[in-house]
Number of protein chains: 2
Amino acid sequence: MKSAAKAMQAEDTAETGAQQIRDAIREAIVERRLSPGTKLSESDVGNLFKVSRTLARAALQALSYEGLVSVEKNRGAFVAYPSPEEARQIFAARRLVEPGILREAAARITPADVKQLKQLLLEEGRLMSERGQTARRAEIKASGDFHLMLAEISGNAIMQRFMEELVARSSLVIALYGQSTASSCGHSEHGDIISAIESKELDRACQLMLHHIAHIETDLDLRERKSLGLKEAFEL
Amino acid sequence: MKSAAKAMQAEDTAETGAQQIRDAIREAIVERRLSPGTKLSESDVGNLFKVSRTLARAALQALSYEGLVSVEKNRGAFVAYPSPEEARQIFAARRLVEPGILREAAARITPADVKQLKQLLLEEGRLMSERGQTARRAEIKASGDFHLMLAEISGNAIMQRFMEELVARSSLVIALYGQSTASSCGHSEHGDIISAIESKELDRACQLMLHHIAHIETDLDLRERKSLGLKEAFEL
DNA sequence: GTGCAAAAGATCGTATACAATTTCATCGCT
DNA sequence: AGCGATGAAATTGTATACGATCTTTTGCAC
């Protein structure tokens, strides 16, 4: 699926160098190997990937357009640290677009798509029962892939790209404000949505999707964390 | 409004050089001073704005993320030439998100906002009656600003940015496939939508918005134009 | 005159170099 | 000791340089 998405948008427009670095860093952010606020200096990134600062910079700029890193003038790039307000807007956007995407997807879905969705679900379940960091990370990715796949099925490349941005940023928000150590997404809810689509209960599928998103938000603690600056941190 | 949008997202994150060039080119594209397919070589852009190719390149890359220019590897950057399929997806995306944005906006709208919207409408009407290229260009911009302002009122910066992209790309589509020499947007329909919002007829406002978008699409001729390569062009 | 091949020209891809700005440590003062 | 100023180190902002790839032109054979 990932490869399909890539193949669709690009042929030789592939900006080989920077693109690869961008993807690598994005993956690291989405899988939470990089924490919000981490500094990403151009030189460091360049050295790490064995390229010049030019390419490193281009990659960071690209990520800044996606909202995954914030670059501050003359200060450098950092893994984005979404504010509570930003977090709310990200999920508001998802509530706004995902039902619509779902409807589009349901209208065009093929048996092969359903099969692939269920495959994804299975894989997600398998990872959930596994222990270990790698499994956890793969699970995070898989749970986002469910939403992304619906966008892909919808057949609208623009909405697909937008969803990719939203899912990636959601991962950051959950990393920052998520409370339950449990997984990012209620796994069973994904299955329910597929069932509703299969039985053509479109309105119900949308309801389930909205509940699902609300459910994720419920697990967030969106109170302003004022950096708690060293003094307060120790005067208990 | 434009300044408000900028102030919100950026403070010193302003990437001064490239950002300015990017904005200038975008404006030129949206106002149709640059036609789809026009070549934008890095050197030319750099010379034009009296900066190095580095900055020109950064600006073009940025525009490519917004879908306004397409860069082809080792060949150069061109003002985007959206395919009919792309055009359909752009408007499908607008149909998907604009009703939701409208609902959000209606929930938060203040009297001051209404006043500003009407102001915009008035200005739009004034430009419509005027003659001349400059008036036409200003009108195109104004008609898009109506939709953008609703997004701004909705208070969701993410959806606002997405709408900015969609409106800009719509302008390209209309430039390519629009038939009526008339303006890009049914002017009166904007007024109707405001009225519906004022009288809290939310469902009706959404319906009007959908009709409005459909109305714009009706004016498009989305048939594949195969470049009509010089020979066919003259053998009538 | 037509068609293909090779070289010249133009344009992009990437690296490196230098200037401007910020950050941090050091020093002196209160 | 605490606080502010000053200078060095680090980092980003921008320009230039060189190599790679594509385009176009030129020239030769047919």
Side-chain angles (χ1 to χ4, degrees), chain A residues 6 9-25 34 37-81 227 229-232 234-235, chain B residues 6 9-25 34 36-81 227 229-231:
Chain A
K6 263 181 204 163
Q9 81 148 40
E11 190 75 355
D12 53 5
T13 181
E15 195 74 20
T16 46
Q19 216 91 333
Q20 263 180 281
I21 297 171
R22 168 171 74 80
D23 291 346
I25 297 180
L34 283 170
T38 302
K39 169 142 198 177
L40 302 172
S41 90
E42 296 176 356
S43 317
D44 289 354
V45 172
N47 290 341
L48 185 57
F49 289 94
K50 310 254 211 283
V51 295
S52 77
R53 215 158 60 78
T54 306
L55 290 191
R57 182 186 182 82
L60 291 171
Q61 287 292 114
L63 287 167
S64 128
Y65 275 103
E66 303 179 24
L68 290 184
V69 320
S70 71
V71 310
E72 299 175 29
K73 184 171 173 174
N74 281 319
R75 280 189 29 87
F78 305 84
V79 178
Y81 196 106
S227 52
L230 185 57
K231 302 98 173 285
E232 300 95 321
F234 285 95
E235 54 181 39
Chain B
K6 262 182 204 164
Q9 81 146 39
E11 191 75 354
D12 52 5
T13 182
E15 195 75 19
T16 46
Q19 216 90 335
Q20 261 180 284
I21 297 170
R22 168 172 73 79
D23 292 345
I25 298 179
L34 284 169
T38 303
K39 168 142 199 174
L40 303 171
S41 89
E42 297 176 354
S43 316
D44 290 352
V45 172
N47 290 342
L48 185 57
F49 289 94
K50 309 249 212 283
V51 295
S52 77
R53 215 160 56 81
T54 306
L55 290 191
R57 180 186 183 81
L60 291 171
Q61 287 291 114
L63 288 167
S64 127
Y65 276 103
E66 301 178 26
L68 290 183
V69 321
S70 72
V71 312
E72 299 176 27
K73 186 171 174 177
N74 282 319
R75 279 189 31 87
F78 305 83
V79 179
Y81 197 104
S227 51
L230 184 58
K231 304 100 172 282

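Lettering of chains follows the sequences in order, A, B, ..., and the numbering in each one begins at 1. The model shown is predicted, which means the values in this text are computed figures rather than measured ones.
- Considering only the side chain of Ser52(B), dT16(D) comes nearest among dT21(D), dT16(D), dT22(C).
- Computed from coordinates, the Leu55(A) CG to dC12(C) P distance equals 16 Å when rounded to whole Å.
- Atom CD in Glu42(B) sits roughly 18 Å away from atom P in dC18(D) (whole-Å rounding).
- As judged by a 4.0 angstrom heavy-atom cut-off over every strand, Ser41(A) is placed among residues touching the sugar-phosphate backbone only.
- Nearer the 5' end of DNA chain D, as judged by each residue's closest nucleotide, is the contact made by Ala77(A), out of Val51(B) and Ala77(A).
- The side chain of Arg57(A) contributes no N or O atom lying less than 4.0 Å from OP1 or OP2 of dT12(D).
- Take the nearest nucleotide of DNA chain C for Leu60(B) and for Thr54(A): the residue whose nucleotide is more 5' is Leu60(B).
- You'll find that the side chain of Lys39(B) is closest to dC12(C), out of dC12(C), dA15(D), dT21(C).
- Comparing dT14(C), dT12(D), dC12(C) by their nearest atom to the side chain of Asn74(A) picks out dT12(D).
- Note on Arg75(A): a side-chain N or O is less than 4.0 Å away from OP1 or OP2 of dT23(C).
- Around the NZ atom of Lys39(B), the shell of radius 6.0 Å holds more than 12 heavy atoms that belong to other residues, nucleotides or ligands.
- For the pair Gln19(B) CD and dT14(D) C1', the interatomic distance rounds to 15 Å; values are reported in whole Å.
- Taking only side-chain atoms of Ser43(B), from C-beta outward, the nucleotide of dC12(C), dT21(C), dG13(C) with the closest atom is dC12(C).
- Heavy atoms only, all atoms of each residue included: Ala58(A) and Ala18(A) are closest at CB-CB, 3.9 Å.
- What separates CZ of Phe78(A) from P of dT11(D) is a distance of 11 Å, to the nearest Å.
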**OP:** Tell me, with the steps shown, if Leu34(B) and Leu40(B) meet side-chain contact (heavy atoms from CB on, under 4.5 Å).
**Re:** CA-CA 10 Å; Leu34(B) 284 169; Leu40(B) 303 171; 4.3 Å; yes

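- For the pair Arg53(B) CZ and dA17(C) P, the interatomic distance rounds to 18 Å; values are reported in whole Å.
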